[in-house]
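Please read the structure below before turning to the comments.
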Protein chains: 2
Amino acid sequence: MADRATFERRLADAVGPANVLTDAADIEPFLTDWRGRYRGRARAVVRPANTGEVAAVVRACAESSVPIVPQGGNTGMCGGATPAADGDAIVVSLTRMRRVRALDAANSTITVEAGMPLAAVHEAAASAGLQFPLSLAAEGTATIGGNLSTNAGGTAVLRFGNARELVLGIEVVLADGRVFDALRGLRKDNTGYDLKQLFVGAEGTLGIVTAAVLKLFPAPRTRATAWVAVGSPDDAVALLRTLRQALSDRLTGFELVSDVALAFVHRHFPKLADPLPGHPWYVLVQADDPADDSPLASQLEAALAGALEAGIARDAALAQSGDQAAAMWVLRENISEAQKTEGLNIKHDIALPVSAIPEYLRAAESALATAFPGVRFVVFGHLGDGNLHYNLSAPEGVATDDFITQSPRANRIVHDLVVARGGTISAEHGIGQLKRGELVRYKSAVELDLMRAVKRALDPRGLMNPGKIL
Amino acid sequence: MADRATFERRLADAVGPANVLTDAADIEPFLTDWRGRYRGRARAVVRPANTGEVAAVVRACAESSVPIVPQGGNTGMCGGATPAADGDAIVVSLTRMRRVRALDAANSTITVEAGMPLAAVHEAAASAGLQFPLSLAAEGTATIGGNLSTNAGGTAVLRFGNARELVLGIEVVLADGRVFDALRGLRKDNTGYDLKQLFVGAEGTLGIVTAAVLKLFPAPRTRATAWVAVGSPDDAVALLRTLRQALSDRLTGFELVSDVALAFVHRHFPKLADPLPGHPWYVLVQADDPADDSPLASQLEAALAGALEAGIARDAALAQSGDQAAAMWVLRENISEAQKTEGLNIKHDIALPVSAIPEYLRAAESALATAFPGVRFVVFGHLGDGNLHYNLSAPEGVATDDFITQSPRANRIVHDLVVARGGTISAEHGIGQLKRGELVRYKSAVELDLMRAVKRALDPRGLMNPGKIL
């Protein structure tokens, strides 16, 4: 490569000297993932203000053979935005690119730059009486570019799909610095390969997403929420089907909670309500309708009454107010925190065909109870999407640090059983650095070859976020 | 290549001699597209019965450097399944592969082989109380493999998306004969690049789709249909937004019909009802709900009353029976036939941002009326998707054959104005052979380069459906 000073001057020419950070203290926050699992080094952190500047930075890197790590809000779960330890790369932070380029209410689309926080996209949509439904815990910090690059999931996938399904158009700076402008706001466009879907979920390994055209939807104005006790995961799956039939896609949330998970919440948050104590499994149901006079609550109530009568549900509480609905969601949302207070645990982000979940849970519980006697199963998640947070807490009396050292053995049991049933080892968090080994273990040789062929075709020199995914 | 006899023996070994057609009369139906626009030649037509046989055929072709044209129901609109005139290729017909491999009602998925007719997929889904919503005129013959390879659209895109959005998993025989098995029925799976979306819409140029896992939905049990008169396309766009707000995604159809299109229908089908005569534009509205006790009709009625009060709609008729609803759809469905009776016409399959349509219609009408005085605009289509059938009939008294010779000039005006407004020259029909020239004209050099790079990566020898798309 060219000498370091020349390269850094080119970066400074591209984005202005103030936006090329090299001081150790300045770049520190960009070198570690927020979970503190990975720590890397970098030549510099570069903060472009627009697509032209991103392209100039990438061209400089291409000419000097410098690897690039794109970074949004740095809230990823798998170390996908953290540079390697060798310090060869630069980090390109997109957070200065946060403009709304266009909001087209009649087309139900918004065109935003990659560095815009997800919550800001929500606000912009709401200002037009619309919603952008992608929703996740980190949305105040996570950027839409990161959401697209990781194909984020979250709590509204049942109704609206993953980030992938919410994007109509994209703008990407390619590995050679050229700009791929496909910022089209079209619901139908059959003119060749759907290249945008290659970049969505590619974790920055094929190019840098700089902007996107997103689908918007009418904002919800009527909401109904219920807390339902069921006897088994089988009944939860049957309830899902009943409610989809009754509510169609107005069913927006269907979250499974096990009694163990709920017990953790009540132990650590003793003031919270316990709407229906004494059952083995619960489902948190939410339904939304954009009409302000929708009979949604009575329709949900009737459907739940039918489920009770059919023996699919054991008991049900329909929220009678926004406060009651919020109290139900608090139970669901505090599971992670309660489990954390209980001690470190072994986490999995799995998905299966919904139909396979009940049998999977039996098989996994049996295998894990044999391998780790007394292990506590903290199972919860987006059953409607087939996505479970399948977490393991140490047996009572076992030191959590000792238990955590068993992660590889636990992962092998959990993931082997998932993959054998047509499931995935990463439902919504991606691969990043964390699951590269698991990817190679579980993907077929053909699929890995195809991915490598695509990578070589779009980034022949391997400069885009090296060491991630592949 | 190896000598012809050896190659044909290899094909016969792969699929059985009875399934290698070489007799001119036998292969004739496979050599012409159904519109009769293209006619090609082929060494043979091969009819494999399963994925292993497809793979064996592709391996034989790869070893002998013989191009392959995959074909489903041969109902495509752009000649994408018709071989070239040089006769080098074989046609691989998938129509013997028509099994349902799995129907998983609890997961709302069906796994089908590529050669299954779309209507048969509908029937299989209905047998489980579910629906596969992709719907189009040729569904009795068109195969699901062809639907995926062309990313078919149809009449339910507003609610359910294109074929692309309806597929969870895929199985593809690659250009080297290996099988890419990604038949996963998962709503969330973030383990690397979404390769399946590359093959959807690729028109067989990257591999042969042999099977897919499709999303199913609760079958509709309540339906409401209305025929609405509006004063302008602007009002139609405003009505779309009003109804989306009122009905959410239960709004499944929103079809625009111009007075000229409707007049053609009434001239050639004089017995049909004319629910609201004397208006410049009409919208056919359909809403569906899977619940059997949904107050859908009264909700649609209330929304339309609001639209009338707001001046967005001029008049509205809500179907009071299934027969009345069918009579409304007959008006819409007979436009193509009526226009055909009126004489040959110049057709366009365009899409625009919904918001851009009113101004586009004004600009195009002005430019075309100048270029072709007296031209008759037969405009109709899926306004909810931004997709219009923008067809031009000869001026009264002008011979249609003379008018048709003006197609290139008309296409240039129509497509230039579409692309200038962020639209597309092929909304749902694809590129095939028909629009290759237009693709090169309107796609950016960067996008064409990316497509070629992907093609080279997956089909380096260019044997998969050569001469299509690129």
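For clarity, every value in this text was computed on a predicted model and none was experimentally measured. Lettering follows sequence order; numbering is per chain, from 1.
Contacts of B:Arg456 with chain A are absent, with no heavy-atom separation under 4.5 Å from either backbone or side chain. In this structure, chain A has no heavy atom under 4.5 Å from any part of B:Leu183. Proximity to chain B is limited to the side chain of A:Leu470, based on heavy atoms less than 4.5 angstrom apart. Both the backbone and the side chain of A:Asn151 come within contact range of chain B, each with at least one heavy atom under 4.5 Å from a heavy atom of that chain. With a 4.5 angstrom heavy-atom cutoff, A:Val179 touches chain B only via backbone atoms. Residue contact with chain B, scored on non-hydrogen atoms closer than 4.5 Å, involves the backbone and the side chain of A:Ala105 alike. For A:Asp289, the part lying near chain B is the side chain, with the backbone staying farther off; criterion is any non-hydrogen pair under 4.5 Å. Using a 4.5 Å cut-off between heavy atoms, A:Lys443 touches chain B through its side chain atoms alone. Proximity to chain B (any heavy atom under 4.5 Å) is restricted, for A:Thr150, to the backbone atoms N, CA, C and O. Contact of A:Arg241 with chain B is made through the side chain alone, with heavy-atom distances under 4.5 Å. With a threshold of 4.5 angstrom between heavy atoms, A:Gln197 approaches chain B through its backbone and through its side chain. Contacts of A:Leu458 with chain B are made by side-chain atoms alone, with heavy-atom separations under 4.5 Å and no backbone atom involved. For A:Lys196, no part lies near chain B; criterion is any non-hydrogen pair under 4.5 Å. Only the backbone of B:Ala246 comes within contact range of chain A, with heavy atoms under 4.5 Å apart. Both the backbone and the side chain of B:Ile431 have a heavy atom closer than 4.5 Å to some heavy atom of chain A. Proximity to chain B involves both the backbone and the side chain of A:Asp189, based on heavy atoms less than 4.5 angstrom apart. For A:Asp449, the part lying near chain B is the side chain, with the backbone staying farther off; criterion is any non-hydrogen pair under 4.5 Å. Proximity to chain A is limited to the side chain of B:Leu174, based on heavy atoms less than 4.5 angstrom apart. Contact annotation for A:Ser444: neither backbone nor side-chain heavy atoms come within less than 4.5 Å of a heavy atom of chain B. Residue B:Val200: no heavy atom, backbone or side chain, is found under 4.5 Å from chain A. Contacts of B:Glu165 with chain A are made by side-chain atoms alone, with heavy-atom separations under 4.5 Å and no backbone atom involved.
Of the listed residues A:Glu447, A:Lys435, A:Glu428, the one with more heavy-atom pairs under 4.5 angstrom with chain B than any other is A:Glu447. The candidate from A:Gly185, A:Ala453, A:Ser248 with the greatest count of non-hydrogen atom pairs under 4.5 Å with chain B is A:Ser248.
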Go through the steps to decide whether A:Leu206 and B:Tyr193 satisfy the test side chain to side chain contact (heavy atoms under 4.5 Å, CB included), and finish with yes or no.
CA-CA 10 Å; A:Leu206 301 178; B:Tyr193 310 145; 3.4 Å; yes

Step by step, would you call B:Arg187 with A:Asn387 a side chain to side chain contact (heavy atoms under 4.5 Å, CB included)?
CA-CA 8 Å; B:Arg187 261 104 188 149; A:Asn387 178 199; over 6 Å; no

Criterion side chain to side chain contact (heavy atoms under 4.5 Å, CB included) on A:Asp181 and B:Val446, from CA distance to verdict
CA-CA 8 Å; A:Asp181 176 357; B:Val446 173; over 6 Å; no

Trace of the side chain to side chain contact (heavy atoms under 4.5 Å, CB included) decision for A:Asp349 with B:Asn190
CA-CA 10 Å; A:Asp349 168 39; B:Asn190 275 343; over 6 Å; no

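Rounding to the nearest 0.5 Å gives a distance of 7.0 Å between OG of B:Ser108 and CG of A:Leu240. The CG atom of A:Leu198 lies 8.5 Å from the CG atom of B:Asp194; values are rounded to the nearest 0.5 Å.
Within residues 153-161 of chain B, the residues that have a heavy atom under 4.5 Å from a heavy atom of chain A are B:Gly153, B:Gly154, B:Val157, B:Arg159, listed by number.
A heavy-atom distance below 4.5 Å is not found between the side chains of A:Thr424 and B:Lys188.
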